[in-house]
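Lettering follows sequence order; numbering is per chain, from 1. Quick caveat, the model's predicted, so the values are computed rather than measured. We use all heavy atoms of the structure for the numbers below, so side chains are in, but hydrogens, waters and symmetry mates are not.
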Protein chains: 2
Amino acid sequence: MQSLTIDTGASTGRQKKVSLTETAYLALRNRVLSGELRPGAEFSELELADQMSMSKTPVREALGRLVAEGLIEAFPRRGYRVTPVTVKDINDLFAIRAMTEGTAAAMAAINLSAGDLDRLEAMAEARYDPQQGESVQSFVKANRDFHLAIAEGANNQRLLALVTSHLDECTRLFYLGAVSRDVNPETSADHRRIVDVLRLRDPDLARAAMVEHSEHTQQGILKALIASDTTALTL
Amino acid sequence: MQSLTIDTGASTGRQKKVSLTETAYLALRNRVLSGELRPGAEFSELELADQMSMSKTPVREALGRLVAEGLIEAFPRRGYRVTPVTVKDINDLFAIRAMTEGTAAAMAAINLSAGDLDRLEAMAEARYDPQQGESVQSFVKANRDFHLAIAEGANNQRLLALVTSHLDECTRLFYLGAVSRDVNPETSADHRRIVDVLRLRDPDLARAAMVEHSEHTQQGILKALIASDTTALTL
DNA sequence: AACGTAATATACTACGAAATATGTCATGTC
DNA sequence: GACATGACATATTTCGTAGTATATTACGTT
């Protein structure tokens, strides 16, 4: 076979053409995480292929990855559906999140430079208007950036990947039921406290602050989801 | 589309026919984890398809999942190779393992019944003869069962999945370089201590014992890999 | 209620197109 | 004359399309 010398093409700023499989994967994942495809929704390969005007194969490969991730369920020879969400699921998910992000914060407390911390502090100032969908979306992105910046500070690629995927799944729950709630005061207070303890360079305190923040988010989302009359939750 | 009423077929004990994609995925993953396909090894879809006497499509779908898991790297329009292993990789991996299995042990300390603990204690007695490949393999399986039994005690499916995948990756490193070493005394001592502290139902002690065991394994594997003259490690 | 038949959707094969690497050869430079 | 450089042809490999086979469900008939 051909030799596999590596050229990431990172140095040249040329535009990277992504495969249809990657396109389908990102689009589908986004539709699930944004709540456009709600838990329990059923669909077929052909249906999605037509929507995205591509053949079934790339759609099929994208679905395979999402099934492996657990976001979608496959029913052999019958079809697919978005994996239903249960209360236990949510608790399990947030237990993982507290673990991964808590560990990341503890490691970041040691690694982050003063400049990094200043940038984090600026990120923690993000606010939003619960009435405006656009504002909600940019707040969600800012929140994501804040958490990922800390996870990057852990200097562990595997941990960063774990944090990213679980954080995105938590955000999905936020979209599913808690959009109407105003979490501004709680979130910004938590984020500020996290930056404060990171400055102390104390791993244990940083972990505790992050775990506490995760638990706050969990409580808020559980309340909002249970209160909402949507079909987001399955028993 | 057809309705997706659920029938897992679990109640009927009928034999489950697995798809070629699943077959290819399991076979490839096993070849990588067992060290048959070593880090850096290059190959093509056609090559693998011929070996397993199937079409390229199921192979391709299996490779997609392994790429997503990080076990294999894809080079668009050129081919694939087994992801090289670096020392930092190993340290990152074991940091994750200590985190996930430590957390699992802490949760298991609360959940496990006396009967569960007795079964665990029996599992901890597994020994092997470093000279016999067959014995090594059954020891590795027993070790896996021991760790997964604890992870199941955490009662969190997501955590169990994380523990499983990372434990398997650690086992791969064991196969890659440490086969010759005799880890019997160290392992059984650690395992016995873990069962002992689990009996105390103290989450913090259980976590500490598990983390310590993970670190012992990490040190042993690092030493063995660096000492071995194999090409398993990339700088 | 049991059975047969049609409809539907996946699972897989086969093939063609596009992209990348490699080898050859002509050309130019020292 | 030796060597480097670029153009072009060719081989290799993935990427995606299209079509076939098979499994499963739904439904009508007896």
Using whole Å, report how far CZ of B/Arg77 lies from C1' of C/dT20. 9 Å
Write down the distance between CG (B/Leu20) and P (D/dT20), rounded to a whole number of angstrom. 20 Å
Verify the contact: side-chain N or O of B/Arg78 to OP1 or OP2 of C/dT20, cut-off strictly under 4.0 Å; return yes or no. no
Please report, rounded to the nearest Å, how far the P atom of C/dT8 is from the CD atom of A/Glu47. 13 Å
Spacing between B/Glu45 atom CD and C/dA14 atom P, to the nearest angstrom: 15 Å
Intermediate values then yes/no, ring-ring contact (aromatic ring centres under 6.0 Å, His included), B/His166 and B/His147: CA-CA 11 Å; B/His166 292 107; B/His147 283 268; over 10 Å; no
Separation between CG (A/Leu167) and CG (A/Leu162), nearest 0.5 Å, reads 12.0 Å
Separation of A/Lys56 atom NZ from C/dT8 atom P, in whole Å? 14 Å
Would you mind classifying the nucleic acid contact of B/Ser19 as base, sugar-phosphate or nothing, using non-hydrogen atoms under 4.0 angstrom? sugar-phosphate
Between CG of A/Leu46 and C1' of C/dA7 the distance, given in whole Å, is 14 Å
If only side-chain N and O atoms of B/Thr21 are considered, is one of them under 4.0 Å from the OP1 or OP2 phosphate oxygen of C/dC12? yes
In whole Å, what is the span from the CG atom of B/Leu63 to the P atom of D/dT14? 8 Å
Do B/Gln218 and B/Asn91 have a side chain donor and acceptor closer than 3.5 Å? yes
B/Met54 CE - D/dA21 P separation (whole Å): 20 Å
Report, as yes or no, whether the 6.0 Å neighbourhood of atom NZ on B/Lys88 holds more than 12 heavy atoms from other residues, nucleotides or ligands. yes
Given D/dG16, D/dT17, C/dC12, identify the nucleotide with an atom nearest to the side chain of A/Ser55. D/dT17
